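Predicted, not measured: the structure shown is a model, and the values here were computed from it. These values consider heavy atoms only, across backbone and side chains, with no hydrogens, waters or symmetry-generated copies. Chain naming here is simple, since letters A, B, ... match the order of the sequence lines and numbering starts at 1 in each.
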2 protein chains.
Amino acid sequence: MRLTTKGRYAVTAMLDLALHSDKGPVSLADISVRQGISLSYLEQLFARLRQFKLVKSVRGPGGGYQLMGSTADISVAQVVDAVSESLDATRCEGKGNCHEGEVCLTHHLWENLSEQIHRFLSEISLADLVARKDIRAVSELQNLRLRSSQSHADHIVVSEIN
Amino acid sequence: MRLTTKGRYAVTAMLDLALHSDKGPVSLADISVRQGISLSYLEQLFARLRQFKLVKSVRGPGGGYQLMGSTADISVAQVVDAVSESLDATRCEGKGNCHEGEVCLTHHLWENLSEQIHRFLSEISLADLVARKDIRAVSELQNLRLRSSQSHADHIVVSEIN
DNA sequence: GAATACCTGAGTAAAATACTCGGAATTAGG
DNA sequence: CCTAATTCCGAGTATTTTACTCAGGTATTC
């Protein structure tokens with residue numbers, strides 16, 4: 001299991017999705033604005049998330065993405081795994097021939113460690129995250145900003161954030 | 001906390017060091033042969049490990065590296081931290097201004113997660129790893145290979161790698 | 001049929017990874 | 001003192017990953 005910024009981007013996006021899942025599909029454009037992640041990058045991430053059946057898509061106007069299943073059923077580990085290109089985790093593709101045909105010293109070790117970290121992240125669901133106060137608070141601010149930037153687009157000039 | 005292959009290289013090297021610490025300093029050249037990691041790369045890793053006071057060096061012939069303190073006092077977390085360029089962990093350098101002056105959605109979340117994974121890896125010492133049967137077994141094989149490649153080097157001109 | 005979205009693939013700049021190379025400083029052993 | 005073994009140091013470099021841009025295509029709603 002690899003833990004990099006890419007996984008965090010994915011978790012952030014999925015969390016945003018979870019926070020706005022009440023009013024139908026959420027477009028990547030919205031997530032892009034709220035979370036400051038480029039649209040194309042989101043498209044790449046969601047391609048993986050869709051392949052892993054963590055989200056489903058609705059095309060056309062008013063479309064976007066929805067979570068497959070409830071927030072309680074999707075774990076941080078699943079999200080990270082989906083985008084993390086998985087299995088050079090131990091560099092020997094499970095065959096144990098990492099070092100000139102032999103198992104490298106830390107092969108079992110890292111397998112073991114990965115497994116435990118994985119288990120840890122498996123026990124944290126999107127529902128757990130959504131329930132957190134700190135996250136709800138930040139989310140509220142972000143909703144304000146999205147709405148104001150949208151009304152911008154509709155002509156009425158607003159600048160309520162300064 | 002970032003978990004990549006770089007950290008695994010460092011842990012592997014430190015574990016090798018721990019396994020051979022009984023007979024004086026261990027040279028990077030030996031570790032390089034046993035673990036299949038390039039010498040120069042090891043030098044870079046050990047520069048960090050030395051800065052973090054996890055190892056001390058002995059120069060000159062017969063020199064090498066030794067662990068600072070006992071294997072029980074050095075944790076996997078310390079080793080990973082030493083080489084992991086630490087703190088863009090949350091991308092906002094602790095200030096919480098990751099996203100246009102605001103705290104990003106997963107800021108606290110990731111801080112929290114990092115902390116817990118860190119705690120987990122802190123509780124695994126090199127002594128724990130050295131005690132593992134699987135690791136001792138692999139280590140024995142590696143010792144054999146090093147010895148045979150050394151006796152080769154004394155004299156008989158070698159081309160066994162083709 | 002036009003606008004809104006997803007979808008796809010190719011390309012790309014910047015960073016991180018995993019090295020190479022060349023040399024300097026230190027020190028043990030002859 | 002000389003030589004070899006070693007750590008140290010800095011620069012350079014190839015490959016991969018990350019994070020993104022661009023240019024279109026496809027499905028769907030209004």
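L45(B) places its CG atom 15 Å from the C1' atom of dT7(D), with the value rounded to the nearest Å. Rounded to a whole Å, the OH atom of Y9(A) is 18 Å from the P atom of dT17(D). Rounded to whole Å, the distance from CD on E43(A) to C1' on dA19(D) is 13 Å. Between Y41(B) atom OH and dC9(D) atom P there is a gap of 19 Å when expressed in whole angstrom units. Atom CZ of F46(B) and atom P of dT6(D) are 14 Å apart (whole Å). Atom-to-atom, CG of L3(A) to P of dT17(D) comes out at 16 Å; the value is rounded to the nearest Å. Atom CG in L42(A) sits roughly 14 Å away from atom C1' in dA5(C) (whole-Å rounding). Spacing between atom CZ of R2(A) and atom P of dT16(D) amounts to 13 Å, rounded to whole angstrom units.
Side chains of D128(B) and S125(B): a donor on one and an acceptor on the other come within 3.5 Å.
With S84(B) contributing its side chain and D81(B) its backbone, the two residues share no donor-acceptor pair below 3.5 Å.
Remark: S38(B) is in phosphate contact with dT20(C), judged by side-chain N or O atoms under 4.0 Å from OP1 or OP2. Note on T4(A): every side-chain N or O is 4.0 Å or more away from OP1 and OP2 of dT17(D).
Scanning all heavy atoms of the two residues, the minimum distance from L126(A) to L15(A) falls at O-CD1, 4.3 Å.
Here Y65(A) contributes atom OH and D30(A) contributes atom CG; the two are 13.5 Å apart, rounded to the nearest 0.5 Å.
Under the 4.5 Å side-chain criterion, counting only non-hydrogen atoms from C-beta, S57(A) is in contact with R50(A). Using a 4.5 Å cut-off on side-chain heavy atoms (C-beta onward), V11(A) and V80(A) make contact.
The residue L39(B) sits apart from the nucleic acid: no heavy atom pair falls under 4.0 Å.
For the segment residues 50-68 of chain B, residues with any heavy atom less than 4.0 angstrom from an atom of DNA chain C are, sorted by number, R59(B), G60(B), P61(B).
With dT18(D), dT17(C), dC19(C) as the candidates, the nucleotide lying closest to the side chain of Q44(B) is dC19(C).
Across the interface with DNA chain D, nearest-nucleotide mapping of G7(A) and S40(B) shows S40(B) to be the residue nearer the 5′ end.
Checked for salt-bridge contact, R119(B) and E123(B) miss the test: no charged N lies under 4.0 Å from a carboxylate O.
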